[in-house]
Student: 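Before I ask anything, let me first share the structure, which is written out below as structure tokens.
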There are 2 protein chains.
Amino acid sequence: MTQVVERLREALGDRVHADAAARHAHRRDWWVLSELQDLEGRGPAAPLAVVEPISTQEVARTLAIYREARVPVVPYGGGSGVCGGIRSEAGDVILATAELSGLVELDDRNLTATFRAGTNGLAAEQEVQGHGLTIGHWPQSIELASVGGLVATRSAAQFSTAYGNVEDLILDLEVVLPDGRVLRTRRTPRASAGPDLRHLFLGSEGTLGVITEVTFSLRPLPEAQRGQAFHFPDLETGVDGVRRILRDGFRPAVVRLYDAKESGRNFGDACPEGRCFLLLHHVGPAELVDAQEVGVARRCAAAGGAEADPATVDHWLEHRNRVPGFDVFLEKGIILDTIEVASTWEHLVPIHRAAIASLEQVEGLLSASAHTSHAYRSGTNLYFTFLARPDERPQMEARYRECWRRVMDATVANGGGIAHHHGIGRVRAGRLAEEIGAPGVDLLRAVKRALDPDGLLNPGALLPGADG
Amino acid sequence: MTQVVERLREALGDRVHADAAARHAHRRDWWVLSELQDLEGRGPAAPLAVVEPISTQEVARTLAIYREARVPVVPYGGGSGVCGGIRSEAGDVILATAELSGLVELDDRNLTATFRAGTNGLAAEQEVQGHGLTIGHWPQSIELASVGGLVATRSAAQFSTAYGNVEDLILDLEVVLPDGRVLRTRRTPRASAGPDLRHLFLGSEGTLGVITEVTFSLRPLPEAQRGQAFHFPDLETGVDGVRRILRDGFRPAVVRLYDAKESGRNFGDACPEGRCFLLLHHVGPAELVDAQEVGVARRCAAAGGAEADPATVDHWLEHRNRVPGFDVFLEKGIILDTIEVASTWEHLVPIHRAAIASLEQVEGLLSASAHTSHAYRSGTNLYFTFLARPDERPQMEARYRECWRRVMDATVANGGGIAHHHGIGRVRAGRLAEEIGAPGVDLLRAVKRALDPDGLLNPGALLPGADG
């Protein structure tokens, strides 16, 4: 095993870190269960070493060494995943992209910016904003995530309803394949040249290759921005309001509808008790923002919505990324998480009702609630939050897994999809067949075997079972 | 060989056609080179038989028989491809989807419509229009194409700039895999559950499976529609006008900019000689159409455009799908075709200039021109048309191949992508590595081998070489 570290050192010199601090820091992502296990002294094992290549060539060389030595390798971007996509085992080597960072090229006329994959999401956004442009991708994890990680997890972000998700924002990718060859897709706005190879790596969670460069198709910073808010009698009428907005072709950047519990918790001053709050944010040319505001107001009124104070939107924009760490809860014996699923319009309220009712049966449940934050013509996501404090601390993991199982069961039983944008990781790898069927899982496995016959890239994530 | 027809007959009865007329009619798509070779009496050989399954189960049974007998099978939708994606060889069996037709389910609230894959494109659109809805996908081939074929070729269509291309319009797919298993993706508006498997089949051109059902995410028929037109001093300023419109976030459904030659030919009454005509069509809520018209006019004026008669747009809308057949030209010894490529903004005019200049060196060239008809934030497509009449009729095929080679060379040399929306077929299968690199071609081959190890599905299309 240490032989592989020797060989890596020969090839990459001081980019290979075998010290305890580096190995400890790269054991896992932000999956709350890994954090809980850490607190309980039974967290993931430290990897053998951490390699931080500074170029695509070094990534290729690293993968060649892994392959020769048959050592599992876990690609590590910002480490901000929340589903256990990264979780090392003793003997793994981590391939971290932190040093594969920075802007390669920015072109104002073509609206393109190419970043090395390890570039921090917020740093990338700030870089293009310096030129009056925006990537337009604002996940809550933007201060932690890497641009390569956003692609590898099929990220969705706060402005998605106008700007699209990460698959709508990228032009070309560079990926080092498991065999060390470098794939570069062509920089064109669109192609019909066989299956779109970018989509093999969007959502691959490090199992099919290492993303080394990402080119975004940018936008100028919007000429106008405006908040707008409504409250509705209940979730059903609120969903109907969102449905009407999307149906008729309006695309506010932010469309967030909260259930009564979250509305009260977050917008109590602006939202009468028991009602559901809808927060909207428009961006774009001034003419379009004006027109959209009028059109949206009409649809919300038709669905039974009442106008609310738009200042709530400014407050949300300012505070949207301030979330407490898990640790303060875990130390108090509270287990918690968020679970995002998706469905067509007809299933949203039934999924919400069934999941909340099921969560309420969990021993020690403190809170179960949801909102929707990404809207499409045919439906939206649902973003559940649960907190539970079991009587016995050792029951925290079991209660956690029970909460997940209940939300997954309620979602699937009511016709929803199991994952909107956090990815599969380990937390729902066992449920993948309920999303894409056994033939879909077998198909993914066949692709995995074709690209990575020895199963060395991030084994254990995404694809369930030993040969994943 | 006839054994396989026997077995098919046992399984599918009178859905198996071995008569000369059926076999003749399914030998090829609309690729002009196949048509020329037909006229010269050396066209594609008739297949062994044509099977027309009426259900997903029958498609699965058909593929199982092929696989057992190791007989190549060519999926055939509407037959309207123009790149030679369908071209039978003696011994092939055609799997035609014409009887796998009709609406499965339409849901006005979810805005979904599921069609069997062989449903004609126009029939599908008319079906949903009967409910006040639209698929919003209007390829010029809509009267001929099947909805499955539109997916298999990654179709783009006339209203794409507002509505998106086929990959933006579908929700879920049902596909029979080469091993006869049925893959059904989940009906959710979006997922992060591994690589998006729909994208393996979008653009697969019948090489990876047989698409049997397609669910679209619909729109209501637009509240308002309005034409708008401008002319620009030259192609460079016209491209700049389109770039400004897209950059600032406006999305007319139709954005067509013609070079001076095509402007004169098609819009001579409305466009002063030598100038470039821009045709726009807005659709959507009345407020947004009004606002967009104002915003677009401002951007076009800033780029040097002058307003033109919007009645030209109505005329274009009425006549847009009336194109003469190839036969009248071929009989006169004229060879012709269209070639669509794509690029970022900076490369468009250089590609246009280089391709037209190169085409003008072809012996007997009658005309070479182009327009752009699908616009994105970072660039557009370019759609070339060429006609040539070589001195000697037997030179037609050689001149045809030379024209293609020249446009592909000029596109690649100037940084463009080789195919915007017609697909690869056979006409540019040899150029695929120039789009996705040798690693990309090898990757596609590995996926193909993983799904179809005997290489039986549509061999010869998409992937170049014998083992494709």
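Sequence lines set the chain letters: A, B, ... in the order given, protein chains first and strands last, and positions in each chain run from 1.
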Student: Quick one: pull up CZ in B/Arg251 and CZ in A/Arg251 and give me the separation to the nearest 0.5 Å.
Tutor: 12.5 Å
Student: Does atom CD of B/Glu223 have more than 12 heavy-atom neighbours from other groups under 6.0 Å away?
Tutor: yes
Student: Rounded to the nearest 0.5 Å, what separates atom OG in A/Ser192 from atom CG in B/Leu202?
Tutor: 9.5 Å
Student: Does the A/Arg186 side chain pair with the main chain of B/Gly416, one donor and one acceptor, at a distance under 3.5 Å?
Tutor: yes
Student: Heavy-atom cut-off 4.5 Å, strictly under: side chain, backbone, both or neither for B/Leu200 against chain A?
Tutor: both
Student: Under 4.0 Å between a side-chain nitrogen and a carboxylate oxygen: does that hold for B/Glu287 and A/Arg299?
Tutor: yes
Student: Taking A/Asn110 for its side chain and B/Glu346 for its backbone only, find out whether a donor-acceptor pair lies under 3.5 Å.
Tutor: yes
Student: Which one of A/Ala446, A/Ser217, A/Ala375, A/Ser155 has the most heavy-atom pairs closer than 4.5 Å to chain B?
Tutor: A/Ser217
Student: May I ask you to name which of B/Gly440, B/Gly164, B/Ala419, B/Ala450 has the most heavy-atom pairs under 4.5 Å with chain A?
Tutor: B/Ala419
Student: Heavy-atom pairs under 4.5 Å with chain B are the metric here; pick the option from A/Gly437, A/Ala286, A/Gly379 that has the most.
Tutor: A/Gly379
Student: Is the number of heavy atoms from other residues, nucleotides or ligands under 6.0 Å of A/Glu236 CD greater than 12?
Tutor: no
Student: Who wins among A/Thr185, A/Leu288, A/Asp248, A/Asp196 for the most heavy-atom pairs under 4.5 Å with chain B?
Tutor: A/Leu288
Student: Can you tell which part of B/Glu434 gets under 4.5 Å to a heavy atom of chain A, answering side chain, backbone, both or neither?
Tutor: backbone
Student: Does any heavy atom of chain A fall under 4.5 Å from the side chain of B/Leu133, the backbone, both, or neither of them?
Tutor: side chain
Student: Out of A/Asp240, A/Asn165, A/Val175, A/Val283, return the one with the most heavy atom pairs under 4.5 angstrom to chain B.
Tutor: A/Asn165
Student: Tell me, out of A/Gly284, A/Ala291, A/Gly415, A/Pro189, who's got the most heavy-atom pairs with chain B below 4.5 Å.
Tutor: A/Pro189
Student: Heavy-atom distance under 4.5 Å to chain A: side chain of B/Val289, backbone, both or neither?
Tutor: neither
Student: Highest number of heavy-atom pairs under 4.5 Å with chain B: which of A/Ala342, A/Gly425, A/Gly194, A/Pro222?
Tutor: A/Gly194
Student: Measuring from B/Thr344:OG1 to A/Asp107:CG, what's the distance to the nearest 0.5 Å?
Tutor: 7.5 Å
Student: Which bit of B/His422 is near chain A, if near means a heavy-atom gap under 4.5 Å: side chain, backbone, both or neither?
Tutor: backbone
Student: Drop me the distance from B/Leu197's CG to A/Leu443's CG, to the nearest 0.5 angstrom.
Tutor: 5.5 Å
Student: Is it the side chain or the backbone of A/Ser378 that comes within 4.5 Å of chain B heavy atoms, both, or neither?
Tutor: both
Student: Closer than 4.0 angstrom, basic N to acidic O: yes or no for B/Glu167 and A/Arg190?
Tutor: yes
Student: Name the region of B/Ser343, side chain, backbone, both or neither, that has any atom closer than 4.5 Å to a heavy atom of chain A.
Tutor: backbone
Student: Give a yes or no answer on whether the side chain of A/Arg247 reaches the backbone of B/Pro220 with a donor-acceptor pair at less than 3.5 Å.
Tutor: no
Student: Can you say whether B/Val182 sits under 4.5 Å from chain A via the side chain, the backbone, both, or neither, judging by heavy atoms?
Tutor: backbone
Student: Look at the side chain of B/Thr188 and the backbone N and O of A/Gly417, then say whether any donor-acceptor pair between them is shorter than 3.5 Å.
Tutor: no
Student: Between B/Ala156 and chain A, which part of the residue has a heavy atom less than 4.5 Å away: side chain, backbone, both or neither?
Tutor: both
Student: Given heavy-atom pairs under 4.5 angstrom as the criterion, report whether the side chain, backbone, both or neither of B/Arg243 touches chain A.
Tutor: side chain
Student: Atom CG in A/Asp442, atom CG in B/Leu177: separation rounded to 0.5 Å?
Tutor: 9.5 Å
Student: Check whether any side-chain heavy atom of B/Pro195 lies under 4.5 Å from a side-chain heavy atom of A/Leu462, and answer yes or no.
Tutor: yes
Student: Measuring heavy-atom distances to chain A, does B/Ala438 have an atom under 4.5 Å in its side chain, in its backbone, in both, or in neither?
Tutor: both
Student: Atom CG in B/Leu218, atom CZ in A/Arg377: separation rounded to 0.5 Å?
Tutor: 8.0 Å
Student: Who wins among B/Glu205, B/Arg219, B/His421 for the most heavy-atom pairs under 4.5 Å with chain A?
Tutor: B/Arg219
Student: Does any heavy atom of chain A fall under 4.5 Å from the side chain of B/Leu183, the backbone, both, or neither of them?
Tutor: both
